[in-house]
Amino acid sequence: MRADVPVDHPDFGKLIPCVCRLAEIERRRLAQLRALGHLAALSHMTFETFVPEGQGLPPEKRANLRHAYETAKEFAENPTGWLVLRGGYGCGKTHLAAAIANRCVERGQPVLFVTVPDLLDHLRATFGPTSPVRYDQRFEEVRTAPVLILDDLGTEAPSPWAQEKLFQILNYRYNARLPTVITTNHALEDLPLRIRSRLADPDLTRIVTILAPDYRQAGISADQSDLSSLHLHAHQTFETFDLREKELPREEAENLRKAVELARAYAQDPQGWLIFTGTYGCGKTHLAAAIANFRAKQGYPVLFVVVPDLLDHLRAAFSPQSPVPFDRRFEEVRRAPFLVLDDLGTESATPWAREKMYQIFDYRYNALLPTIITAATPIKDLDPRLAARIQDEARCIHFAILAPAYRGKAPQRPRRK
C-alpha cells in the first residue's frame, strides 16, 4: 500500500507495509536472525550451566572467572555499549557470549549470535545467483542488529575484503553505539588497527581477559599439553636435587647452593624471566623442572618444552594432517602463562627458526610473562635479538652455574687378585 501523504513528503509514492502485516514481518526478520547465527545449537549455554568458579583453578583465576561471569550477566540484563571477552581456547568466553544471547532471547529481545568466519561466509553466499537474500539486505541485518554477538574475531581469513566488511560493520555500530559483544583469543594489538581503535575506546567498551585454561582439560594436570615434556621430568624436584657438597670445590658448591635458593624463591613468586646457563649436566634443567613441577602441583598451567622439539612441533603444524593449526600452536607457546624453554641454542639456526623464536621472546618480554630459559650456549653466541632480551637486568635474572657435569656415583668394582 501507499501512504496518503502530500507530494512533498519523503514517503510520497513509496510502497509501505500494511500495519496488520508489521508483526508478521518482524517475526520473520527475527527468525532470519536466529537462523543466521545458529543460536539454537547453543541453547544449552546459559548462565545457569556455566561454572563461575571453574574446576581446580587457583584463587586468582577463580576470582577472574567469577568477574567475567558477573560482567557478562550484567551486560545480558541491560545490553549497552560493547563487551569484549578475551582468552585462550576453551576458557569459557563463547559460553558466556552465548549465555548473553540466550538471556536476550528469553526476554524477547532481538539478538544475532554468529561466529566471524560464518558471518563472512554468509555474506559471500549472497553473491550467488541462487541466494534467497540479497547482499545489501543481509549486510544491513548484521550491521543494524539490535544486539550483535561476534564470536571468534581474528580466526577469519585476513583477506582485504573480509577486513573491510568487518570494519564497516563495527564502525557503523561504533558510531551508532549499538550493543555489541565480541570474543577473541587474540591480543588487541594483533587485530587490524582500524578495528582495534574501535574496540579500545574506554568510553564504549569493557574488555575482560579470562585467565582460566581450557576447561576441557579439567582433571588433567595443567602441564598436559601435548607440547609439554614435563611428565618426563616428574622426578626432578627440589627434594631430589643433589647439591654435590662432598664432590665440588667450595666455590662451585656455594654457587650451586645459591642457584637452588634462587630457583626456590622464583617458584614461590615467578616475576620476570629466570635464565640458567652452564655446561651440559650441571643441573640447570633439573632446577627448571623443579620450579615447573612446583607450580604445576599448585594448580598453575605450565608449559615445559625443549627448544628443538618446540620448533619441530611448529613445523609439523603446517601439515594438512596436523590436528592443531599453526596459529593455534604458536599462540599456545607465545601466550603460555608459565613457559620453560630448555636447551636454548641447540636448535637448528635457520632464518625461520630465528624468526619464530624472536616472535615468542618479544611477545613474552613485552607482556612480562614468567619465563625460564636454560642454555649451555654462551649468551653472546645466541641471536642478538634474543640476547638483548635475556641481558635486560630490569626484567631478567641471569645465573651462571659453575659446577661441571654431574656424572653420578660410579659403582664400586671388585679388585682383582
For this session: In sequence, state the C-alpha distance, the side-chain angles, and the governing distance for Asn185 and Glu331, and then conclude on side-chain contact (heavy atoms from CB on, under 4.5 Å).
Result: CA-CA 9 Å; Asn185 58 10; Glu331 289 304 300; over 6 Å; no
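- Between Leu120 and Lys165 the shortest heavy-atom distance is CD2-CB, 4.3 Å.
- Under the 4.5 Å side-chain criterion, counting only non-hydrogen atoms from C-beta, Leu170 is in contact with Ile182.
- In the displayed structure, Glu251 atom CD is contacted under 6.0 Å by at most 12 heavy atoms of other residues, nucleotides or ligands.
- Note that CD of Glu60 is 12.5 Å distant from CG of Leu65, once rounded to the nearest 0.5 Å.
- Side-chain N or O atoms of Ser228 include one that pairs as donor or acceptor with a backbone N or O of Phe304 at under 3.5 Å.
- Between the side chain of Tyr174 and the main chain of Ile195, no donor-acceptor pair closer than 3.5 Å is present.
- Classification of Glu141 and Arg138 as a salt-bridged pair holds, one side-chain N sitting under 4.0 Å from a carboxylate O.
- We find that Glu189 and Arg196 are not joined by a salt bridge, their nearest charged nitrogen and carboxylate oxygen being 4.0 Å or further apart.
- Between the side chain of Thr183 and the backbone N or O of Asp152, at least one donor-acceptor pair lies under 3.5 Å.
- Between Val208 and Leu96, every side-chain heavy-atom pair lies at or beyond the 4.5 Å cut-off.
- Between the CG atom in Leu369 and the CG atom in Leu339 there is a gap of 9.0 Å [rounded to 0.5 Å].
- Look at Lys356 and Glu347 and you find no salt bridge, because none of the NZ, NE, NH1 or NH2 atoms lies under 4.0 Å from a carboxylate O.
- Using a 4.0 Å cut-off between charged side-chain N and carboxylate O, Glu70 and Lys73 make no salt bridge.
- Cation-pi check for Lys258 over Phe399 is not met; the charged atom does not lie both under 6.0 angstrom from the ring centroid and within 45 degrees of its normal.
- A salt bridge is absent between Glu140 and Arg134: the closest approach of a Lys/Arg side-chain nitrogen to an acidic carboxylate oxygen does not fall below 4.0 angstrom.
- Taking OG1 from Thr209 and CG from Leu188, the interatomic distance works out to 7.5 Å, rounded to the nearest 0.5 Å.
- No side-chain heavy atom of Gln298 sits under 4.5 Å from any side-chain heavy atom of Gln268.
- Residues Leu178 and Leu148 have side chains not in contact (no heavy-atom distance under 4.5 Å, counting atoms from C-beta outward).
- Taking CG from Leu119 and CG from Leu166, the interatomic distance works out to 6.5 Å, rounded to the nearest 0.5 Å.
- The shortest distance between side-chain heavy atoms of Thr184 and Asp190 does not fall below 4.5 Å.
- Sorted by first and then second residue, the pairs that involve residues 41-83 and meet ring pair (Phe, Tyr, Trp, His ring centres under 6.0 Å), not counting sequence neighbours, are Phe47-Tyr69, Phe50-Tyr69, Phe50-His95.
- Looking at Arg385 and Glu355, a side-chain N of the basic residue comes within less than 4.0 Å of a carboxylate O on the acidic one, giving a salt bridge.
- Here CG of Leu303 is found 14.5 Å from CZ of Arg334. Values are rounded to the nearest 0.5 Å.
- Pairing each heavy atom of Phe276 with each of Ala263, the nearest pair is CZ-CB, 4.1 Å.
- For the pair Asn293 (side chain) and Gln236 (backbone), a donor-acceptor distance under 3.5 Å is present.
- A donor-acceptor pair under 3.5 Å is formed between the side chain of His186 and the backbone N or O of Gly154.
- Between the Arg364 side chain and the Pro370 main chain, a donor and an acceptor come within less than 3.5 Å of each other.
- Between Pro337 and Pro301 the shortest heavy-atom distance is CG-CG, 3.7 Å.
- Closest approach of Leu344 and Thr377 over heavy atoms only: O-OG1, 4.0 Å.
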For this session: Would you sort out whether Leu230 and Val302 count as a side-chain contact (heavy atoms from CB on, under 4.5 Å), showing the intermediate values?
Result: CA-CA 8 Å; Leu230 186 56; Val302 174; 4.1 Å; yes
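- Minimum heavy-atom separation, Ala290 to Thr237: CB-C, 3.6 Å.
- Between Ile207 and Leu199, every side-chain heavy-atom pair lies at or beyond the 4.5 Å cut-off.
- At least one donor-acceptor pair closer than 3.5 Å links the side chain of Asn64 to the backbone N or O of Leu211.
- The closest donor-acceptor contact from the side chain of Thr130 to the backbone of Gly128 lies at 3.5 Å or more, if one exists at all.
- Side-chain atoms of Leu341 and Val307, non-hydrogen and from C-beta on, do get closer than 4.5 Å to each other.
- A donor atom on one side chain and an acceptor atom on the other are found under 3.5 Å apart for Asp342 and Thr285.
- A salt bridge links Arg329 with Glu332: at least one charged nitrogen is closer than 4.0 Å to a carboxylate oxygen.
- Put simply, the side chain of Arg264 does not reach to within 4.5 Å of the side chain of Glu261, judged on heavy atoms.
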Exercise. For His398 and Glu393, what are the C-alpha separation, side-chain angles and deciding distance, and is it a side-chain contact (heavy atoms from CB on, under 4.5 Å)?
Worked result: CA-CA 8 Å; His398 180 274; Glu393 295 182 359; over 6 Å; no
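- Evaluation of the ring pair (Phe, Tyr, Trp, His ring centres under 6.0 Å) test over residues 332-379, restricted to residues two or more places apart or in two chains, returns Trp273-Phe361.
- In plain terms, the two heavy atoms of Ile275 and Cys396 that are nearest each other are CD1-CB, 3.7 Å.
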Exercise. Can you list the steps and then say if Val111 with Asn102 is a side-chain contact (heavy atoms from CB on, under 4.5 Å)?
Worked result: CA-CA 9 Å; Val111 60; Asn102 285 317; over 6 Å; no
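- No donor-acceptor pair closer than 3.5 Å links the side chain of Thr279 to the backbone N or O of Cys282.
- The aromatic rings of Phe127 and Trp161 sit perpendicular to each other, their planes meeting at more than 60°, with 30° as the lower class boundary.
- Judged by distance alone, with hydrogens and angles left aside, the side-chain atoms of Lys93 form a donor-acceptor pair with the main-chain N or O of Gly87 at under 3.5 Å.
- Here CD of Gln391 is found 8.5 Å from CG of Leu382. Values are rounded to the nearest 0.5 Å.
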